[in-house]
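Here is the structure we will look at, set down as structure tokens.
Worth knowing before you read on, the calculation uses all heavy atoms, side chains too, and leaves out hydrogens, waters and symmetry mates.
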Amino acid sequence: MRSPRKPAAVPPKKPSIENSYSWIRLAVSIALSTLGCVGMWSLVVALPAVQADFNAPRAAAALPYTFAIVGFMVGGIMVGRLADRFGILPPLAGGTILMSLGYVLTAFAPSLPMFAMISGVTIGLGGAASFAPLVADVSLWFDRHRGLAIALATAGSSLAGVIWPPVVQHAIAAHGWRQAHIGIGLFCLVTMLPLSLVLLRRPVADAAAREATKSGDTMQAIGLPPSVTQGLLALAGICCCVTMAMPQVHLVAYCGDLGYGSARGAEMLAVMLGFGVASRLIFGWVLNRIGGLPTLLLGSAMQAVALALYLPFNGLVSLYVVSAVFGLAQGGIVPSYAVIVRELFPAQEAGFRVSLAISVTLAGMAMGGWMAGAIYDWTGSYASALVNGIAWNIVNMAIAAWLLQRQRRHVVGACVALS
């Protein structure tokens, strides 16, 4: 008599890399990003005071912000490469020291060009580790909830925009922008260095974990070489953030022009970025559900509509409402790039490629901030700057739609080949 057939072996489930430390690390990363991204917002709030101090036109007064954002971009790419080799802690600690020193040095800048140069070389390069490289590092510790974790990690920069503008505005009003910068530098130094020690542990490197975090190949997933895919993502990131920069960089100055005062503008900026944090939570769930490219297209379309609302509405209450809507609309865009990279590229390249994709978006912020100021100086209003931002956003939408179409075509082709 034959023995009963043994049931087929069930393939072992791939081990998850998520654990309690992953969530602790995420929380600390958000805190570090909230502190370290102060340079993205303090220079925006200080723009009117700096313009008055140096008696400069609006576009020139925006140059410190532009230089700092360029520093964030270049530094983010450099730190991403270093983090792939040495872990995130060494470049993060070094960047914190450089950024803190930079804030103290800017307080003694004798001219606007010197102020702008110091901002780029120290505040920008030093603070860079607190943005894109931290997001890349977080992505290595999650697989089941990666979309949500990435979205939350990018929320640190928005939280910085919620917390820092009112604080910086109050400090400038009470003590002047130079003393405010000294205070920011010292505060970041004594808070960020101890917190960064939590990130001492390196990502697990065993074979099972590598298998669990491995991503696809761009040629198989989308039909394009890796360099072409990365280049298109970079172009899309620049376009969407030229749009994003217009209200974020000039909202404080815009409210001053309308007679509402810089303090109201700082409050609106905080409202915008506060709703941006809530948007990160919502889009984190969306990213886990539909993936990176569909979320990018959705967020980009929502941002274009939200920016257009600034054209017909300029009342005090309506500006608060529109700023909140803009914050809700744009929250899913930046984390989408990190998720797209993790979907299309291998995990061992995450530090460099995620940092590159996100850091390049800062080029759009830098260019958009300067461009809006230049258009304002040329036309005397922000209406043309808003239209310019919408045009750049349409280009971003076109790139996202084309990449999504290619991805879906390759998925259909793969299914047909297997059937």
Side-chain angles (χ1 to χ4, degrees), residues 69 73 132 147 150-151 154 216 218-249 276 279 283 286-287 289-311 325-345 353-354 356-372 375 383-413:
I69 294 300
M73 179 189 68
I150 288 174
T154 60
T218 58
M219 286 297 294
Q220 294 179 3
I222 208 166
L224 293 172
S227 59
V228 175
T229 304
Q230 188 90 52
L232 286 171
L233 290 176
L235 178 58
I238 290 172
C239 291
C240 75
C241 286
V242 167
T243 305
M244 197 179 297
M246 196 278 133
Q248 289 188 1
V249 176
S279 178
F283 275 105
V286 173
L287 281 163
R289 290 284 180 174
I290 66 176
L293 281 170
T295 305
L296 175 61
L297 182 58
L298 173 63
S300 183
M302 291 173 62
Q303 178 175 256
V305 173
L307 185 65
L309 293 177
Y310 279 103
L311 286 168
V325 171
F326 189 85
L328 283 173
Q330 54 86 29
I333 295 177
V334 172
S336 296
Y337 294 111
V339 172
I340 292 167
V341 169
R342 290 307 317 275
E343 289 172 347
L344 300 180
F345 295 95
R353 290 197 179 275
V354 171
L356 178 60
I358 296 181
S359 295
V360 167
T361 65
L362 296 176
M365 293 294 292
M367 186 166 64
W370 172 84
M371 192 179 295
I375 293 174
S384 297
L386 289 166
V387 174
N388 175 70
I390 294 169
W392 283 85
N393 200 99
I394 291 172
V395 176
N396 170 265
M397 292 170 59
I399 295 172
W402 186 75
L403 289 174
L404 180 60
Q405 182 184 34
R406 288 189 65 91
Q407 185 183 48
R408 289 181 172 173
R409 188 185 306 155
H410 274 72
V411 169
V412 172

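- Across all non-hydrogen atoms, the minimal contact from Gly332 to Thr295 is O-CG2, 4.1 Å.
- Across every non-hydrogen atom of Ala385 and Met246, the tightest pair is O-CG, 3.9 Å.
- No donor-acceptor pair under 3.5 Å is formed between the side chain of Gln330 and the backbone N or O of Met244.
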Atom pairs and distances, side-chain donor-acceptor, residues 363-372, under 3.5 Å, sequence neighbours left out:
none

Could you give the side-chain donor-acceptor pairs of residues 388-402 under 3.5 Å, partners two or more places apart or in another chain?
unit_1 : atom_1 : unit_2 : atom_2 : d
Asn388 : OD1    : Trp392 : NE1    : 3.3
Asn393 : OD1    : Gln303 : NE2    : 2.6
Asn393 : ND2    : Ser300 : O      : 2.8
Asn393 : ND2    : Ser300 : OG     : 3.1
Asn396 : OD1    : Ser300 : OG     : 2.5
Asn396 : ND2    : Ala236 : O      : 2.7
Asn396 : ND2    : Tyr337 : OH     : 3.0

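- Leu287 is not listed as a side-chain neighbour of Ile150, based on a closest heavy-atom distance of 4.5 Å or more.
- Here the options are Thr154, Leu293, Leu296, Leu297, the test is side chain to side chain contact (heavy atoms under 4.5 Å, CB included), and the partner is Ser336; only Leu296 passes.
- In this structure, Val341 and Ala357 approach most closely via the heavy-atom pair CG2-CB, 3.8 Å.
- For Ala234, the side-chain contact (heavy atoms from CB on, under 4.5 Å) partners are Val360, not counting sequence neighbours.
- The shortest heavy-atom contact between Ala132 and Ser359 is CB-OG, 3.5 Å.
- Thr361 pairs by the side chain to side chain donor-acceptor pair (under 3.5 Å) definition with nothing, not counting sequence neighbours.
- Under the rule for a side-chain contact (heavy atoms from CB on, under 4.5 Å), the partners of Leu309 that lie at least two apart in sequence or sit in another chain are Phe313, Val322, Val325.
- Qualifying side-chain contact (heavy atoms from CB on, under 4.5 Å) partners for Val305, counting only residues two or more places apart in sequence or in other chains: none.
- Contact of the Pro335 side chain with the Phe283 side chain is not registered, since no non-hydrogen atoms from C-beta on lie closer than 4.5 Å.
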### Task
Assess whether side-chain contact (heavy atoms from CB on, under 4.5 Å) is satisfied between Leu403 and Leu232, documenting all intermediate values.
CA-CA 9 Å; Leu403 289 174; Leu232 286 171; 3.8 Å; yes
